[in-house]
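Notes for the one structure printed next.
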Amino acid sequence: MSPDKNNDARQELAPSGVLRAGINLGNALLVTGRTQAGDPAGVAPDMARAIADALGVELAFAPFPSPGEVADALAQDAWDIALIADEPQRAETIAFTPAYVEIEATYLVREGSDFQKVEELDREGVQIATSARSAYELYLTRTLERATLHRGHRMTGAYEIFEDQKMDALAGLRSALTEIAEKQEGLRVLPGRYSTVQQAIGTKPASKAGLAFLKDFVAEAKASGLVASLIDKHGVGGKLQVADD
């Protein structure tokens with residue numbers, strides 16, 4: 001990107017000299033801990049740091065407990081970029097780059113369940129618990145035709161609904177569901193997937209130069225091996241995949 005375009009992006013994304021990055025603390029694959037200073041640590045925070053470095057500005061994190069709260073915070077001008085999943089409902093108000101990583105979404109069922117494939121869940125009478133306003137919940141809301149969704153607060157709330165109300169399945173990211181199945185007896189994760197959650201960089205739709213810069217940055221981060229190196233660095237290989245172009 002030319003210096004002039006870089007400067008235009010800087011003026012749009014960080015006019016004060018500080019890039020504010022909205023971070024979803026609820027995604028344990030992308031935010032895996034905290035730094036000694038108390039900042040979020042993980043693939044997503046490191047991507048934000050790399051973007052700030054490329055722009056030549058300081059970085060400030062704007063952390064939120066869930067992706068829905070990150071998306072909502074745009075209305076309060078709480079961030080300049082947001083590292084959350086690209087999803088059609090969110091894209092109505094947020095401009096997204098192509099994805100930099102992908103995460104498989106599937107179902108958790110009980111051992112004695114008759115369900116063997118994800119495609120079998122969309123039936124009349126099937127009750128599915130899920131985390132409200134997650135990317136996979138929004139996907140299922142759009143695509144399920146017969147099954148009924150029951151939404152909880154984050155994955156912990158969704159799991160409580162699954163257990164307490166004896167739901168047929170729990171919908172979520174494969175990695176999170178696998179951890180639950182490993183800790184709780186009598187549960188299994190279905191093979192296959194109903195969706196691949198596309199984690200991307202979002203910004204304000206008015207930031208045209210900023211979005212162009214971010215798209216170029218994501219493409220280079222994937223091509224150069226930066227994204228792959230961050231996945232290895234934070235120990236989430238096999239759970240996160242570098243997104244296809």
Side-chain angles (χ1 to χ4, degrees), residues 1-27 29-31 34-35 37-102 135 197-231 233-234 240 242-243 245:
M1 183 174 286
S2 70
D4 287 343
K5 288 185 178 180
N6 211 33
N7 186 60
D8 290 342
R10 186 182 303 110
Q11 290 301 313
E12 289 184 355
L13 295 174
S16 68
V18 178
L19 180 71
R20 301 170 301 162
I23 298 290
N24 168 29
L25 299 179
N27 191 319
L29 293 181
L30 292 174
V31 180
R34 295 275 186 174
T35 67
D39 290 329
V43 173
D46 277 2
M47 284 288 287
R49 289 188 183 90
I51 292 168
D53 288 345
L55 287 170
V57 298
E58 298 296 317
L59 176 67
F61 290 112
F64 296 89
S66 70
E69 290 168 279
V70 177
D72 288 346
L74 176 61
Q76 286 75 51
D77 188 30
W79 47 259
D80 304 302
I81 63 171
L83 292 92
I84 56 175
D86 181 3
E87 203 284 329
Q89 183 177 351
R90 295 175 187 164
E92 293 176 4
T93 56
I94 300 171
F96 283 101
T97 68
Y100 64 97
V101 292
E102 302 173 331
V197 178
Q198 303 281 300
Q199 295 289 336
I201 314 293
T203 190
K204 301 165 188 173
S207 299
K208 304 298 184 183
L211 180 61
F213 169 88
L214 293 171
K215 286 181 176 179
D216 287 346
F217 178 88
V218 167
E220 176 60 23
K222 291 191 291 185
S224 68
L226 172 62
V227 176
S229 71
L230 293 180
I231 290 172
K233 172 185 174 182
H234 293 288
L240 287 181
V242 178
D245 292 330

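- Counting heavy atoms from C-beta outward, Leu240 and Leu30 have side chains that approach closer than 4.5 Å.
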- Task: Quick one: do Lys204 and Leu74 satisfy side-chain contact (heavy atoms from CB on, under 4.5 Å)? Show the steps, please.
- Result: CA-CA 8 Å; Lys204 301 165 188 173; Leu74 176 61; 3.5 Å; yes
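- In this structure, the side chains of Pro40 and Leu25 come closer than 4.5 Å at one or more pairs of heavy atoms.
- A pairwise comparison of heavy atoms in Ala209 and Ala9 identifies O-CB, 3.7 Å as the closest pair.
- Scanning both residues, Pro65 and Asn24, for their nearest heavy atoms gives O-OD1, 3.7 Å.
- Heavy-atom minimum distance, Ala62 versus Ala78: CB-O, 3.7 Å.
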- Task: Start with the C-alpha distance between Arg20 and Asp77, add both sets of side-chain angles, then the distance that settles side-chain contact (heavy atoms from CB on, under 4.5 Å), and finish with yes or no.
- Result: CA-CA 10 Å; Arg20 301 170 301 162; Asp77 188 30; 3.1 Å; yes
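- Of all non-hydrogen atoms in Ala243 and Lys222, the two that sit nearest each other are O-CD, 3.5 Å.
- Rounding to the nearest 0.5 angstrom, the gap separating the CG atom in Asp80 from the OG atom in Ser207 is 8.0 Å.
- By the 4.5 Å heavy-atom criterion applied to side chains, Gln199 and Asn27 are counted as neighbours.
- At most 12 heavy atoms of other shown residues, nucleotides or ligands fall within 6.0 angstrom of atom CD in Gln89.
- Arg49 is listed as a side-chain neighbour of Asp39, based on a closest heavy-atom distance under 4.5 Å.
- Taking a 6.0 Å sphere around CD of Glu58, one finds it holds 12 or fewer heavy atoms contributed by other residues, nucleotides or ligands.
- Among residues two or more places apart in sequence or in another chain, the side-chain contact (heavy atoms from CB on, under 4.5 Å) test is passed with Ala221 by Met47, Phe217, Leu226, Val227.
- A pairwise comparison of heavy atoms in Ala54 and Asn6 identifies O-ND2, 3.8 Å as the closest pair.
- Counting heavy atoms from C-beta on, the side chains of Asp8 and Phe213 never come closer than 4.5 Å.
- Partners of Asp53 by salt bridge (Lys or Arg N to Asp or Glu O under 4.0 Å), not counting sequence neighbours: none found.
- Across every non-hydrogen atom of Ala200 and Asp86, the tightest pair is CB-CB, 4.1 Å.
- Side chains of Leu13 and Leu214 form a contact here, defined as non-hydrogen atoms less than 4.5 Å apart.
- The CG atom of Leu19 lies 6.0 Å from the CG atom of Leu59; values are rounded to the nearest 0.5 Å.
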With a cut-off of 3.5 Å and sequence neighbours excluded, list every side-chain donor-acceptor pair involving residues 92-100.
| residue | atom | partner | partner atom | Å |
| --- | --- | --- | --- | --- |
| Thr93 | OG1 | Arg90 | O | 3.4 |
| Thr97 | OG1 | Ile201 | N | 3.2 |

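- Counting only distance, with no hydrogens or angles, the side chain of Glu69 and the backbone of Phe64 share no donor-acceptor pair below 3.5 Å.
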